[in-house]
Amino acid sequence: MLDIRLIRENPDVVRQGLEKRQADAEVVDSVIALDERRREILGEVEKLKAERNTVSKEIGRMKNAESRQEKINEMRAVGDQIKDLDDDLRGVDAELTSIMATLPNIPSDATPYGVDESENVVLKTVGEIPQFDFDPQPHWDMGPALGIIDFERGVKITGSRFYVLSGAGARLQRALIAFMLDLHIKQGYTEKYTPFMVKTATVYGAGQLPKFVGNLYKDHEEDLYLVPTAEVPLTGYHMDEIFEEGDLPKYYTAYTPCFRREKMSAGRDVRGIKRGHQFDKVEMYMYVKPEESDAAFEKMMADAEEVVAMLGLPYRILQLCTGDLGFGATITYDIEVWSAGCNEWLEVSSVSNVTDFQARRANIRYRPEDSKKNRFLHTLNGSGTALPRIMIAIMENYQQEDGSIIIPEVLRPWMGGIEVIAAE
RNA sequence: GGAGGGAUGGCCGAGUGGACGAAGGCGCCUGUCUUGAAAACAGGUAAGGGUGUCCCCCUUCGAGGGUUCGAAUCCCUCUCCCUCCGCCA
């Protein structure tokens with residue numbers, strides 16, 4: 001959610017921000033009109049309420065029955081007016097917030113302008129793209145051949161875009177999760193195990209609603225959503241709370257499965273495990289003071305980078321342009337790893353500074369030491385990292401001619417010492 | 001799933017139609033006293049909003065509706081928590 005004051009006082013900043021994102025900037029005008037109307041009604045209704053409050057107190061003290069009744073009648077009329085105005089106000093308010101809820105965050109000045117993902121900027125590329133003296137296979141061939149990914153069983157028990165990991169494949173994923181969580185703990189994050197189902201207010205607070213209803217799974221009977229990312233419960237974790245300044249920053253990491261309907265990507269990436277309706281992810285999340293969020297962003301980025309670096313995967317870092325930024329983000333870096341079999345860069349992490357956008361929606365503030373006024377804090381989120389795609393990169397980049405896979409050294413402690421995954 | 005009880009400020013806890021944004025206590029802050037601290041005493045101590053800026057107004061006593069001139073207090077709906085029974089990993 002944007003600050004209504006920003007829109008009121010600097011509408012051009014907001015318009016330009018929306019335009020940079022290739023979003024419709026005209027809504028700003030309706031927001032301003034509604035805001036004006038709202039404050040107009042508010043002024044009127046508050047004046048009437050003030051009158052009613054003072055007169056009602058007088059009535060309580062009045063002895064003379066006649067003049068007392070007269071005042072009561074007067075106030076009854078005032079009460080009717082208040083009721084009408086309150087109804088108007090409710091209507092205007094609802095309309096205003098429903099529009100506000102659909103406005104994305106304003107891009108940071110540090111985010112380069114661009115129309116769409118084709119204009120994202122490669123900041124750096126690290127590691128050598130592996131060369132093979134044989135034809136490297138894609139994971140969707142390797143997985144079934146090694147008996148570690150079972151696509152047919154996944155489809156049988158659930159449907160398309162579901163798969164079963166088996167034996168060393170399942171264990172590899174579990175090793176990666178443990179490796180990442182342990183690394184993030186060392187980097188200063190506190191591990192959280194959160195609910196995988198959340199209520200509407202929680203999804204709204206993280207900014208996934210109302211805009212992304214179509215991508216969420218929902219239990220309509222209980223009115224609960226399956227989390228599309230750990231970012232959602234980690235935002236909700238401190239919803240409606242006020243921190244003391246000294247309690248910040250808070251760094252959290254959490255493993256969760258993520259559930260996404262992928263309605264927008266129907267027919268895309270249907271092969272392999274690149275885009276499933278259910279995938280696992282380890283997430284990093286930060287609550288920080290506004291003046292610290294730029295530095296926090298750099299830290300989180302470095303922390304995510306360490307994951308892929310330690311795994312020895314060739315990767316590159318992309319800075320998203322304004323046209324490709326996520327809904328709540330002001331600035332985002334993506335990490336992509338190379339996959340030798342699919343022959344493409346795979347996005348495994350996305351680190352964003354959301355500034356006060358989620359904090360405002362979820363009502364998360366802190367009390368500055370030198371001020372009475374509570375302020376919204378800043379939140380950041382980043383994957384550290386998404387499991388299936390990391391699995392793809394490991395399988396494809398560490399493959400050998402006989403179809404076996406070498407396990408990266410750093411994972412072996414969690415693999416029971418297994419060094420190679422080979423066909424039985 | 002069945003039966004009952006509850007939700008008030010940072011915490012405990014009073015309050016069943018008017019002087020209650022809310023007694024009292026704890027905690028915290030400031031001042032007096034003190035070389036300093038403690039104690040004692042005095043004062044202060046919620047959030048949000050407003051074409052208000054040290055003065056005021058509005059809203060908020062789990063949430064949302066309603067009754068009333070006036071609601072923490074009465075009515076309705078919902079949520080959450082606790083106790084007992086049943087079921088269960």
Side-chain angles (χ1 to χ4, degrees), chain A residues 1-11 31-98 100-101 193-205 209 218-225 233 236-248 257 356-377:
Chain A
M1 191 85 84
L2 295 174
D3 187 353
I4 185 67
R5 281 206 180 84
L6 178 70
I7 301 178
R8 196 185 293 157
E9 287 158 22
N10 294 298
V31 169
I32 290 171
L34 283 166
D35 175 51
E36 267 169 28
R37 177 89 186 104
R38 191 186 85 90
R39 285 183 299 152
E40 196 180 304
I41 299 171
L42 197 62
E44 252 176 279
V45 77
E46 286 192 352
K47 221 165 69 187
L48 291 173
K49 282 181 178 173
E51 185 189 350
R52 183 178 67 181
N53 286 346
T54 50
V55 174
S56 287
K57 276 178 192 165
E58 282 169 26
I59 290 172
R61 280 184 255 115
M62 285 172 90
K63 297 280 184 279
N64 183 313
E66 203 174 302
S67 51
R68 182 184 156 97
Q69 190 53 47
E70 195 179 306
K71 286 291 182 194
I72 287 177
N73 292 341
E74 269 177 43
M75 285 310 102
R76 187 175 296 152
V78 170
D80 289 343
Q81 284 184 64
I82 290 174
K83 189 168 291 184
D84 288 347
L85 287 171
D86 265 340
D87 285 344
D88 291 352
L89 188 62
R90 232 190 304 256
V92 171
D93 239 344
E95 206 180 332
L96 182 60
T97 47
S98 80
M100 292 287 287
Y193 170 85
T194 71
F196 301 159
M197 304 173 82
V198 290
K199 56 185 174 184
T200 306
T202 308
V203 192
Y204 178 88
L209 279 179
K218 182 178 186 184
D219 176 349
H220 287 274
E221 216 170 317
E222 302 290 341
D223 210 24
L224 290 174
Y225 293 87
Y237 188 80
H238 287 299
M239 189 157 56
D240 293 319
E241 292 182 21
I242 302 172
F243 286 90
E244 294 302 329
E245 180 172 343
D247 292 337
L248 295 174
D356 60 3
F357 190 80
Q358 287 175 330
R360 187 170 281 111
R361 288 174 93 102
N363 191 30
I364 309 167
R365 292 162 294 168
Y366 76 102
R367 211 185 313 276
E369 271 154 21
D370 55 354
S371 154
K372 289 257 186 291
K373 197 83 181 151
N374 295 330
R375 294 180 70 193
F376 290 110
L377 44 72

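Below, all heavy atoms of this structure are taken into account, side chains as well, without hydrogens, waters or symmetry copies. Chain naming here is simple, since letters A, B, ... match the order of the sequence lines and numbering starts at 1 in each. Just so it is clear, the structure is predicted and the values come from calculations on it, not from any experiment.
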**Message:** Could you tell me if the side chain of A/F376 sits less than 4.5 Å from the side chain of A/D3, heavy atoms only?
**Reply:** no
**Message:** Please compare A/R76 and A/R39 by the position of their nearest nucleotide in RNA chain B and report the one closer to 5'.
**Reply:** A/R39
**Asked** What's the shortest heavy-atom distance between A/L34 and A/V92, and which atoms?
**Response** O-CG1, 3.5 Å
**Request:** Using both distances under 3.5 Å as the test, list the Watson-Crick or G-U wobble partner of B/A71, or none.
**Result:** none
**Message:** So A/R68, base contact, sugar-phosphate only, or nothing? Heavy-atom distance under 4.0 Å.
**Reply:** base
**Along RNA chain B (nearest heavy atom to each residue), the more 5'-positioned of A/I4 and A/D87** = A/I4
**Fill in**
For B/A42, the nucleotide meeting Watson-Crick or G-U wobble distances (both under 3.5 Å) is B/U30
**Message:** Output one letter per nucleotide in nucleotides 57-62 of chain B: B when a protein non-hydrogen atom lies under 4.0 Å from the base, S when only the sugar-phosphate is that close, - when neither is.
**Reply:** BBS---
**Prompt:** Does the side chain of A/R8 get closer than 4.0 angstrom to OP1 or OP2 of B/G50 through an N or O atom?
**Reply:** yes
**Fill in**
Testing B/G50, B/G70, B/U67 for proximity to the side chain of A/R5, the answer is B/G50
**Item:** Nucleotide nearest A/R90 (side chain, heavy atoms from C-beta), chosen from B/G65, B/G50, B/C69
**Value:** B/G65
**Asked** Within the structure shown, what part of the strands sits under 4.0 Å from A/K199 by heavy-atom distance: base, sugar-phosphate, or nothing?
**Response** nothing
**Item:** Test: A/K49 and A/E46 ion pair at under 4.0 Å
**Value:** no
**Prompt:** Mind checking whether A/L224 and A/K199 have side chains closer than 4.5 Å, heavy atoms only?
**Reply:** yes
**Asked** Under 4.0 angstrom, heavy atoms only, what part of the nucleic acid is A/I59 near: base, sugar-phosphate, or nothing?
**Response** base
**Asked** So which nucleotide from B/U67, B/G48, B/G21 ends up closest to the side chain of A/K57?
**Response** B/G21
**Between B/G43 and B/G24 - P atom distance, rounded Å** = 11 Å
**Request:** Consider the side chain of A/R367, meaning its heavy atoms from C-beta on, and name the nucleotide among B/A47, B/G65, B/G50 that approaches it most closely.
**Result:** B/A47
